[in-house]
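What follows is a single structure, written as structure tokens, with notes after it.
Throughout, a chain's letter reflects where its sequence line sits, starting with A, and its residues are numbered from 1.
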There are 2 protein chains.
Amino acid sequence: MARPRKPLLSRERIVGAASALVDSEGLGAVSTRRLAAELGVSGPSLYNHFRNKDEILEAVADAVSAKVDLSMFEESDSRDWRTALHDWAVSYRAALTEHPNVVPVLARGPGRRPAALRVADAVFGAMVRAGWPPAQATRIGALMRYFVTGSALGSFARGFVDDEAAYDPCDYPHLGQAHLLAERQEEIDEGAFETGLRALLDGLAAQHETLVRAGGPGHPRVDGP
Amino acid sequence: MARPRKPLLSRERIVGAASALVDSEGLGAVSTRRLAAELGVSGPSLYNHFRNKDEILEAVADAVSAKVDLSMFEESDSRDWRTALHDWAVSYRAALTEHPNVVPVLARGPGRRPAALRVADAVFGAMVRAGWPPAQATRIGALMRYFVTGSALGSFARGFVDDEAAYDPCDYPHLGQAHLLAERQEEIDEGAFETGLRALLDGLAAQHETLVRAGGPGHPRVDGP
DNA sequence: ACCTGAACACCGTTCAAGT
DNA sequence: ACCTGAACACCGTTCAAGT
């Protein structure tokens with residue numbers, strides 16, 4: 001065939017097919033050859049649009065980041081920092097749990113992915129505006145990412161095998177009911193996430209309390225990441 | 001050569017070589033052929049000792065879990081639940097950050113790995129003993145795992161590229177200093193972990209407060225995972 | 001510019017053959 | 001029981017050749 005008059009591929013088409021493949025069959029199912037076959041072209045064609053396979057996966061990951069709601073961090077938004085952080089975390093987690101197979105790629109950090117950088121920018125900016133010193137704002141962005149990606153990466157409940165015989169009461173005296181975890185996966189993971197998020201925000205709010213008490217009502221503004 | 005009088009391989013030797021390879025060159029460097037070469041045997045030899053490559057990686061991961069200190073959860077230990085949880089989280093994270101390349105395997109959950117199951121058993125048992133209802137004890141185990149694995153999986157700081165040009169001030173107005181994050185990786189990730197852990201424990205302690213206030217001093221004991 | 005087939009250096013795993 | 005080489009069906013990526 002060689003070069004067609006109208007390009008067969010585009011970055012968008014490749015990312016779309018790759019996303020579908022990751023979602024349906026997992027990261028392991030994505031090979032350049034398989035992906036190309038799905039698109040009706042030969043393997044090497046992809047290299048006209050992406051430098052390598054990793055670049056394709058990065059684009060897939062960034063499409064997930066783009067789904068994260070950031071409206072709570074806009075200056076015009078009325079939500080306070082705590083509510084904003086909560087709503088953001090919920091939206092962030094929802095985006096990840098909709099595409100759990102992509103989380104390992106996302107967890108590597110924003111890198112050069114624009115949507116991921118926009119997320120980092122928004123949360124850092126909003127925390128500084130709320131009166132957090134920049135170093136603390138950075139920590140908050142980091143610890144929220146730890147918690148959200150950790151919760152989306154591995155379902156806690158599905159991490160336990162659904163096989164009563166796997167939990168010998170002599171070895172694991174408290175895991176007698178562990179084989180039931182997998183059945184109630186969503187309920188358990190959701191509950192743990194909500195409990196943890198609430199605890200995290202309660203703890204941060206207490207810290208913010210002592211901060212404004214010490215620094216007065218004026219919001220200190222310093223630059224820094 | 002065929003069968004030697006003394007076996008050339010053992011599960012221990014294979015796991016040791018695989019661990020060294022993962023630590024030094026990453027998960028991607030572990031192929032059955034490469035690992036076998038490192039051990040001075042041919043690729044298929046490994047299949048006399050493990051069913052497949054994944055079983056080898058599981059064993060590598062479990063060796064990391066085995067390094068997590070659990071002494072704070074023993075009945076004879078004097079630490080209260082909050083201190084125990086803190087000390088455990090610190091030890092857990094230390095084990096993971098010593099072997100960051102193994103974290104993606106560990107993050108899949110305990111599965112059938114004995115050391116990982118012992119960890120889950122210990123924390124759940126201790127939380128129930130501390131008066132947490134079983135459902136809450138499960139959630140605590142889950143949310144702590146989210147946070148610790150999340151913090152060990154992807155360094156927050158190293159997730160940002162060390163290249164000032166990557167952060168266009170028009171696109172990311174608050175990331176002007178982001179290129180400096182990578183240099184201070186350890187300080188930032190450690191700070192975020194400590195801040196998050198403290199917030200988490202503060203929040204949980206507040207919840208425990210209202211619990212014992214409502215339920216009285218008697219520790220309710222119900223069974224469940 | 002954009003696609004192709006051929007080629008290179010790899011994979012994980014199976015299996016019959018050896019001792 | 002435990003190791004071997006050969007084989008199968010895959011990989012990611014490069015590259016000259018085509019239009």
How many angstroms lie between atom [atom1] of [X] and atom [atom2] of [Y], to the nearest 0.5 angstrom?
| X | Y | atom1 | atom2 | answer |
| --- | --- | --- | --- | --- |
| A:Arg113 | A:Ser65 | CZ | OG | 5.0 Å |
| B:Phe73 | B:Arg129 | CZ | CZ | 9.5 Å |
| B:Gln136 | B:Thr138 | CD | OG1 | 9.0 Å |

What do the steps show when you test A:Glu194 against B:Arg139 for salt bridge (Lys or Arg N to Asp or Glu O under 4.0 Å), and what is the final call? CA-CA 9 Å; A:Glu194 276 297 341; B:Arg139 287 198 188 100; over 6 Å; no
Measure [atom1]/[X] against [atom2]/[N] and give the value in whole Å, please.
| X | N | atom1 | atom2 | value |
| --- | --- | --- | --- | --- |
| A:Arg33 | D:dT13 | CZ | P | 11 Å |
| B:Leu46 | D:dG5 | CG | P | 13 Å |
| B:Leu39 | D:dC3 | CG | C1' | 13 Å |
| B:Lys6 | D:dA1 | NZ | P | 18 Å |
| A:Leu35 | D:dC10 | CG | P | 16 Å |
| B:Ile14 | D:dC2 | CD1 | P | 11 Å |

Report the nucleotide, chosen from [options], that has the shortest atom-to-atom distance to any side-chain atom of [X].
| X | options | result |
| --- | --- | --- |
| B:Pro7 | D:dT4, D:dC2, C:dC3 | D:dC2 |
| B:Pro44 | D:dA7, C:dC3, C:dC15 | C:dC15 |
| B:Ser31 | C:dT4, C:dC11, D:dC3 | C:dC11 |

Would you call the rings of A:Tyr167 and A:His179 parallel, tilted or perpendicular, where under 30° means parallel and over 60° means perpendicular?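 Answer is tilted, since the angle falls between 30° and 60°.
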Does B:Ser42 make a side-chain N or O approach to OP1 or OP2 of D:dC3 shorter than 4.0 Å?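 So the side-chain polar atoms of B:Ser42 never come under 4.0 Å of the phosphate oxygens OP1 or OP2 of D:dC3.
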Less than 4.0 angstrom between a side-chain N/O of B:Ser45 and OP1 or OP2 of D:dC2, yes or no?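 No, outside the criterion.
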Nucleotide opposite C:dG18 in a Watson-Crick or G-U pair, distances under 3.5 Å: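 Checking every strand shown, C:dG18 finds its partner in D:dC2, with both distances under 3.5 Å.
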Both distances below 3.5 Å, Watson-Crick or wobble geometry, any strand: find the nucleotide opposite C:dG12.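 C:dG12 is paired with D:dC8.
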With no hydrogens and no angle check, do the side chains of B:Asp23 and B:His99 hold a donor and an acceptor under 3.5 Å apart?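 Their side chains do contain a donor-acceptor pair, which is all the 3.5 Å distance test asks for.
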Does the ring center of A:Tyr146 lie less than 6.0 Å from the ring center of B:Tyr146?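 Here the rings of B:Tyr146 and A:Tyr146 have centres that are no less than 6.0 Å from each other.
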Which residues within residues 47-56 of chain A lie with some heavy atom under 4.0 Å of an atom in DNA chain D?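 Residues of residues 47-56 of chain A that come under 4.0 Å of DNA chain D are, in numerical order, A:Tyr47, A:Asn52, A:Lys53.
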